[in-house]
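Structure record follows, encoded as structure tokens.
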Amino acid sequence: MPYPFKQIEKKWQDYWEAKKTFRTEDFSPKPKYYVLDMFPYPSAARLHVGHPEGYTATDIVARYKRLRGFNVLHPMGWDAFGLPAEQYAVKTGVHPKITTEQNVATFRRQIKMLGLSYDWDREINTTDPDYYKWSQWIFLQLYNRGLAYLADVPVNWCPELGTVLADEEVPEQIDKGYTVVKRTMRQWMLRITAYAERLLNDLDEVDWPENIKEMQRNWIGKSEGAELDFAVRNSDEKIRVYTTRPDTLFGATFMVLAPEHPLVERLTTPAQADAVKAYQEEARLKSDLERAELSKQKTGVFTGGYATNPVNGEAIPVWIADYVLASYGTGAIMCVPCNDDRDYEFAEKFGLPVTEILAGGEVVSGGRVQRSGGQLMNSATADGTLSLDGLEVPDAKRKITAWLAERGLGKAAINYKLRDWLFSRQRYWGEPFPVLLFEDGTHQPMDASELPLRLPDAQSYKPTGTGESPLAGIPEWVDTTDPRTGRAARRETNTMPQWAGSCWYYLRFIDPHNDEMFCDPEKEKQWMPVDLYVGGAEHAVLHLIYARFWHKVLFDLGLVSTTEPFQRLFNQGMILGYAYRCYRNSAGERVPPAQVEWRVEKQAEKAYDKVTGAELKVEYVPPDEVVWENERPLHPVTHEELEVKMDKMSKSLGNVVNPDDIVERYGADAMRLYEMFMGPLDQVKPWSTKNIEGVFRFLNRVWRVYVDEDERLHSKIQEAEPPLELQRLLHKTIKKVTEDIEALRFNTAISQMMIFINELHHAPVYPRGMMETFIRLLSPFAPHLAEELWQKLGHEKTITYEAWPTFDPALTLDDEVTIVLQVNGKICDKVTAARGLSEDELRNLALGNEKVQGRLEGKQVVMVKVVPDKLVNVAAK
RNA sequence: GCGAAAGUGGCGAAAUGGCAGACGCGCGGCGCUUAGGACGCCGUCCCGAAAGGGGUGGGGGUUCGAGUCCCCCCUUUCGCACCA
């Protein structure tokens, strides 16, 4: 009989709810600890086993910190604006509000079922007008600081979704099979680039995984170089270029402009006009992705125009090509084929000259190319005012930048890859912009007192197809008047992207019901920054950079007290599922996995027969239908052997695990424990329902050492002095569990508790004090079981606010230690000795050892290395 | 292509430069059971009867000593992808 987890878990969840055990005081003499999960999007697909991973981890930390005497803020809420609910509405006509409410109810139930210690009085929902009122209010702050503006920009338009997408969102949608094309539209932009430098520098202040910081640095993409002007021949125009290698200017033999560059028309000669126009048109229709994809073959067209290289006066041809991006730098580049691979490729294809200016290059396809380092050569002006010959690159850069600056030809410059944030979406289900648009093209923010600007109910959720949101179809909402002037106005029909709500939700948790301001400053000072923030790595450059940006704006406004919102960040690894599959050809015949090749075709992975080259049908067998024979997975019907693959859980692979089923069979505590026992929190790992049995058995064993068959306290639990050995094991366990929780190494903490229980249950008597200590160690991991056993031990109140056990360092060490004896680094014996023997004693012990002597026969001892309490290594020849 | 991380039993995984494989799954044996389950005990890296030897993707190096540090290669995963 397993322990009665169902009854226990229900009992304590009811208790916590009724007593509001986890309600957090705003102000407390205790030190504060703010531990936050990335709040979920409540999808119709319900919770999957990946969600509880991070939630359990933060819950363990929250419960541990409470036991350590901290005032803990641990809230949960819903990031509920977003596409899926709206797409569902388009299909069924059901208001996204209703879908969202249902999904939230399911998520809340599933999360509560896991016994997570959230303060539910602080629950928030980004679609609640009382919440998005403040999202709108913060937008107004951005607007008033000139950080929000309307612009006609080339956007990523997705026809299937009927909306534009941020650059960052494009790859994800392409993966899903949608198409994305370029289109120029009037859009709200947020000036995140104004914060590029601070977003970059302040990464040094936070305790985040290095890879995430690196991803953000790459995303911001700072580079240092120079801007310089090339005079256009037969014209007063100048072409300004940005380069990180001004030192290579003497090697610049042609220039390339982006097809969209404003000077293209002026430069183009009549003879080239048709070709240029055609190329521009072609480029315009391509998406960024298509441009990048066709990168293997460079394309471009000569404009017919020439510019002058400012250092040697040479006339160099000006081309256009789509490998130059309009949106980076100045949209124009000087090309140095002897140094730059892309320029070299272009020069080679179109027969443009290559001038050698770097010593020691390698010969590639007939030209001399130096890809890194080297000394400059052939780099001096005719008038002798500048020579870079013989200089190393950094010196040459400095020298020529100064020379150009003196003559007004250029200046040092910094560039970022980061672009301004495209902030509008042509959707219904998002925060409306609190802005009035007038006939004359001007616009005006609403007054804060008029917020929230509520979403109206809609008859239809279909995108209009014109690039306007469904809101445009609701004239009684769209058409309005400016309350100050009575002037006719239209409302903005775009809405904010899903990221808006998550940019500041961690602040709302601090003061969720305040209707005077988004967060009381005193409370903000009390709680910020978030001490530990846990979530998936997929938000590395999206949510996490947007939220940092908003936070810095709020900081500049004096509305928050910290420059960074999230002090310590941790990314949990994804939980994968095993999938089992087999292949069939078009005739329905089986094709063995060895004969199958997977290829990426039009952004989708497909299977092909290596022999015939034909595309194959892939059949996935749900894990619980797989027949096992001699540890090999077989097809339930045909009995052929199946290929095993570990992959993201998804319906199509049949490898989704539902937490409800797991909790039903093993209970929430076992589910929590297994998720933590699987392996290191930050690692990607496969779910195996079989393996949960191990932690389930452990919990049962814990139950049985505390409780007898009649569910009364076990008779072996007595007031007794514990034997020294057990006492030591307990103190080692306290030490390990404490240190492991601090480092988020829950898997090894659980191992240690298993070791303790495995040892304890052999003992003739279970000393009561020890039992009370252990249950407190277990309580953050398996809180329901711990509460129940704590009560059985005679306590009346929840275990939540008891004191965390402390250990005596002296008791974590044994009197006797095993000394490993090595000869030339190889183990030849192990002996037990008293701890604390001197080096001399250990040396003698080793040299006197029979086996050691045997090994040393005929050899001469060269050296003896002693590691106290551990090892002696005798080196001999 | 560039960047980062990782490769350890049949499987999930442990191991401040110092006993490789803790803990768990699975598997084998035994006990308890009419039986099964549950539970308990023992065993479980490889070769070898043993003594002993070998073993952390491959190759080299540093060190008294390397899974751990350094270099090269292979594989996998993730991120970026014409950013001048």
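What you see is a predicted model; the values in this text were computed from it and never measured. The chains referred to below are lettered A, B, ... by the order of the sequence lines, with proteins before strands, and numbering in each begins at 1.
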Regarding the side chain of A/K870, the nearest nucleotide among B/rA14, B/rC39, B/rU16 is B/rU16
Under a 3.5 Å limit on both distances, the Watson-Crick or wobble mate of B/rU34 is none
Rounded to whole Å, the CG-C1' distance (A/N747 to B/rA14) equals 8 Å
How is A/N218 classified with respect to the nucleic acid when contacts are heavy atoms under 4.0 Å: base, sugar-phosphate, or nothing?
nothing
Problem set entry | Steps toward side-chain contact (heavy atoms from CB on, under 4.5 Å) verdict (A/C828, A/V852) | CA-CA 7 Å; A/C828 78; A/V852 172; 3.6 Å; yes
Picking from B/rA14, B/rG53, B/rC23, the nucleotide nearest the side-chain atoms of A/R855 would be B/rG53
task = Under 4.0 Å between any heavy atoms, over every strand shown, what does A/P2 touch: base, sugar-phosphate, or nothing? Just pick one.
result = nothing
Taking atom C1' in both B/rU63 and B/rG18, what distance in whole Å separates the two?
12 Å
Write down the protein N/O and nucleotide N/O pairs, taken from nucleotides 41-46 of chain B, whose separation is under 3.5 Å; answer none if there are no such pairs.
unit_1	atom_1	unit_2	atom_2	d
B/rC41	OP1	A/H762	NE2	3.2

Between A/R704 and B/rG40, is there a side-chain N or O to OP1/OP2 distance below 4.0 Å? yes
Ranking A/I827 and A/E214 by the position along RNA chain B of their nearest nucleotide, the one closer to 5' is A/E214
(Q) Under 4.0 Å, heavy atoms only, any strand: does A/K417 hit a base, just the sugar-phosphate, or nothing? (A) base
Closest of B/rC82, B/rC64, B/rA84 to the A/N873 side chain is B/rC64
Is it true that A/E53 and A/K685 have a side-chain N and a carboxylate O under 4.0 angstrom from each other? yes
Notebook entry, point to check: Across the strands shown, which category fits A/Q822 at heavy-atom distances under 4.0 angstrom: base, sugar-phosphate, nothing?
Noted result: base
Closest non-hydrogen atoms of A/N824 and A/A876, given as atom of the first, atom of the second and distance, are OD1-N, 2.9 Å
Of all heavy-atom pairs linking A/L376 and A/A396, the shortest is CD2-CB, 3.7 Å
Considering only atom C1', compute the distance from B/rC64 to B/rG59 and round it to an integer number of Å. 24 Å
Atom NZ of A/K732 and atom P of B/rC23 are separated, to the nearest Å, by 13 Å
Worksheet item: How is A/S223 classified with respect to the nucleic acid when contacts are heavy atoms under 4.0 Å: base, sugar-phosphate, or nothing?
Response: sugar-phosphate
Discussion item. At 4.0 Å (heavy atoms only), tell me whether A/R745 reaches a base, stays on the sugar-phosphate, or touches nothing.
Written reply: nothing
When both distances are under 3.5 Å in a Watson-Crick or G-U wobble arrangement, the nucleotide paired with B/rG1 is B/rC80
- A/W319 vs A/F346 aromatic rings, parallel, tilted or perpendicular, using cut-offs 30° and 60°? perpendicular
Expected label for B/rG31 (glycosidic angle, syn inside 90° of 0, else anti) would be anti
Practice item. Answer yes or no: does a side-chain N or O of A/K690 lie under 4.0 Å from OP1 or OP2 of B/rG24? Key: no
When both distances are under 3.5 Å in a Watson-Crick or G-U wobble arrangement, the nucleotide paired with B/rG65 is none
> Taking C-beta and beyond as the side chain, do A/K732 and A/K735 meet within less than 4.5 Å on heavy atoms?
Replying inline: no
Which word best sums up how the rings of A/Y666 and A/F696 line up, parallel for under 30°, tilted for 30 to 60°, or perpendicular for over 60°?
-> perpendicular
request  = Answer with base, sugar-phosphate or nothing: what part of the nucleic acid does A/V324 contact at a heavy-atom distance below 4.0 Å?
outcome  = base
Salt-bridge criterion met for A/E197 and A/K222 (N-O under 4.0 Å)
yes
